[in-house]
Protein chains: 2
Amino acid sequence: MLAIGTLAKRTGTKVQTIRYYEQIGLLPEPGRTEGGQRRYGDDDLDRLAFIRHARQLGFTLEAIRELLDLSDNPGRSCADIDRIAHRQLKEVEARIARLEALRKELRRMLRECSRDTVSDCRVLEVLRDHSACLADHETGA
Amino acid sequence: MLAIGTLAKRTGTKVQTIRYYEQIGLLPEPGRTEGGQRRYGDDDLDRLAFIRHARQLGFTLEAIRELLDLSDNPGRSCADIDRIAHRQLKEVEARIARLEALRKELRRMLRECSRDTVSDCRVLEVLRDHSACLADHETGA
DNA sequence: GCTTGAACCTCTACCTGCTGTAGCTTGTAA
DNA sequence: TTACAAGCTACAGCAGGTAGAGGTTCAAGC
């Protein structure tokens, strides 16, 4: 049986985070010693590793909760899982697109910032120039 | 003079968000009517648009606070601003790299998930397989 | 068997960047 | 004048944790 600190080290999770996952019902309440300390088994280790891996892949805790529910009831269709993973992929692709646009504008800003003092700096000018933004939300785009 | 709702519409910001920015000191306290309602001028509009634009570019409120401080003291070197923008670019690039790795793994997961029931599903298997994660943090990577 | 101190416990508050609600007041147009 | 949209303050809540206070337990060394 593992103490919470050992479980934390093995999964690369903070102790408080493990207790937090228990609190929100992602991890089951573990057994306790006579003195009240938590003790974990291998199944807890697996479940926590699953959660951490999914978090690293960008799944929200709610999506992970769904995945865990599905895997706790293994009779159901693979399509459910597929749907969750697809939704996740769409979100990731949208985030990438947004960040790439952002990177482009930041690079342009930096290319144009070659003056010496703040009053000449293109970065601030670019940020101050909000015509595009105004157009964006006024046209509902 | 603009009421808060007008300012909100013109900049695509929620009314509460404007009051929040004032509360944390990003926007100065505006003038008030006799009845206590906030009234804004064009400089407030500019400042808020600057903030919103920078937020859209992914700058944190702390970074924006730095940028505003710099532009309030225009004698300083452009290098400070350049440094902030560069830091932002690095962060964006790191996020993109991470998301691209993620997209790759999600696509692989989905390609391999062609079975019918949860117990056969590769998605859960992939998520359950934490050998890579364990290796990662045990080697300090 | 005893002592020490690292690790555990609960509880609470805090973080970012907002958003929403309750209950009340003000401004403005008809 | 009256109706009601829009304003006001104050506080709670979201995700996904993190940090600290103040107290208890476990386990290794002597």
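Naming convention: chains lettered A, B, ... in sequence-line order (proteins, then strands); numbering from 1 in each chain. Quick caveat, the model's predicted, so the values are computed rather than measured. Side chains included, hydrogens not; waters and symmetry mates left out as well; all remaining heavy atoms used.
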**Student:** To the nearest Å, give me how far apart CD (B:Glu62) and P (C:dC15) are.
**Tutor:** 11 Å
**Student:** At a heavy-atom distance below 4.0 Å, which nucleotide of DNA chain D is the first touched by chain B, and which is the last?
**Tutor:** D:dG7 to D:dT9
**Student:** Does a sphere of radius 6.0 Å around CG in A:Asp43 hold more than 12 heavy atoms from other residues, nucleotides or ligands, not counting ones at 6.0 Å or beyond?
**Tutor:** yes
**Student:** Mapping A:Gly35 and A:Gln16 to their closest nucleotides on DNA chain D, which lands nearer the 5' end?
**Tutor:** A:Gln16
**Student:** Please examine the side chains of B:Thr6 and B:Tyr40, heavy atoms only from C-beta on, and report whether any two atoms are closer than 4.5 Å.
**Tutor:** no
**Student:** So, taking the atom named CG in B:Leu7 and the one named CG in B:Asp42, what distance separates them when rounded to the nearest 0.5 Å?
**Tutor:**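 Atom-to-atom, B:Leu7:CG and B:Asp42:CG are 10.0 Å apart.
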**Student:** With a non-hydrogen cut-off below 4.0 angstrom, is A:Ile4 in contact with a base, only sugar-phosphate, or nothing?
**Tutor:** sugar-phosphate
**Student:** If you only use heavy atoms from C-beta on, which nucleotide in C:dT10, C:dG20, C:dG17 is closest to the side chain of B:Leu61?
**Tutor:**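 The answer is C:dG17.
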**Student:** Given C:dG27, is OP1 or OP2 found less than 4.0 Å from the side-chain N or O atoms of B:Thr33?
**Tutor:** yes
**Student:** Once you round it to whole Å, what is the distance between C1' of C:dT25 and CD of B:Glu34?
**Tutor:** 15 Å
**Student:** Using 0.5 Å steps for rounding, measure from the OG1 atom of B:Thr60 to the CZ atom of B:Arg87.
**Tutor:**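 Rounded to the nearest 0.5 Å, the OG1-CZ separation comes out at 7.0 Å.
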**Student:** Under 3.5 Å, side chain of A:Arg47 to main-chain N/O of A:Leu26, donor-acceptor pair present?
**Tutor:** yes
**Student:** Using the rule given for side-chain contact (heavy atoms from CB on, under 4.5 Å), can you reason through B:Arg55 versus B:Leu61, listing the C-alpha separation, both sets of side-chain angles and the distance that settles it, and then say yes or no?
**Tutor:** CA-CA 7 Å; B:Arg55 285 293 298 142; B:Leu61 293 180; 3.5 Å; yes
**Student:** From CD of A:Gln23 over to C1' of C:dA13, roughly how many Å is that when rounded to an integer?
**Tutor:**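 Between C1' of C:dA13 and CD of A:Gln23: 13 Å.
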**Student:** Within the pair B:Lys14 and C:dG17, is there a side-chain N or O less than 4.0 Å away from OP1 or OP2?
**Tutor:**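 For C:dG17, neither OP1 nor OP2 has a side-chain N or O of B:Lys14 closer than 4.0 Å.
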**Student:** Just the rounded figure in Å: distance from C1' of C:dT19 to OH of B:Tyr21.
**Tutor:** 12 Å
**Student:** What nucleic acid atoms does A:Arg19 come within less than 4.0 Å of, heavy atoms only: base, sugar-phosphate, or nothing?
**Tutor:**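 Base, at least one base heavy atom under 4.0 Å.
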**Student:** So if I take every side-chain heavy atom of B:Gln37 and compare against C:dC8, C:dG27, C:dG17, which nucleotide ends up nearest?
**Tutor:** C:dG27
**Student:** On the nucleotide C:dA7, are OP1 or OP2 found under 4.0 Å from the side-chain N or O atoms that A:Arg39 carries?
**Tutor:** no
**Student:** Provide, to the nearest angstrom, the distance between the CZ atom belonging to B:Arg65 and the C1' atom belonging to C:dT16.
**Tutor:**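 So the CZ-C1' distance, B:Arg65 to C:dT16, works out to 12 Å.
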**Student:** Supply the atom-to-atom distance A:Gln56 CD to A:Arg52 CZ, rounded to the nearest 0.5 angstrom.
**Tutor:**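 Answer rounded to 0.5 Å: 7.0 Å.
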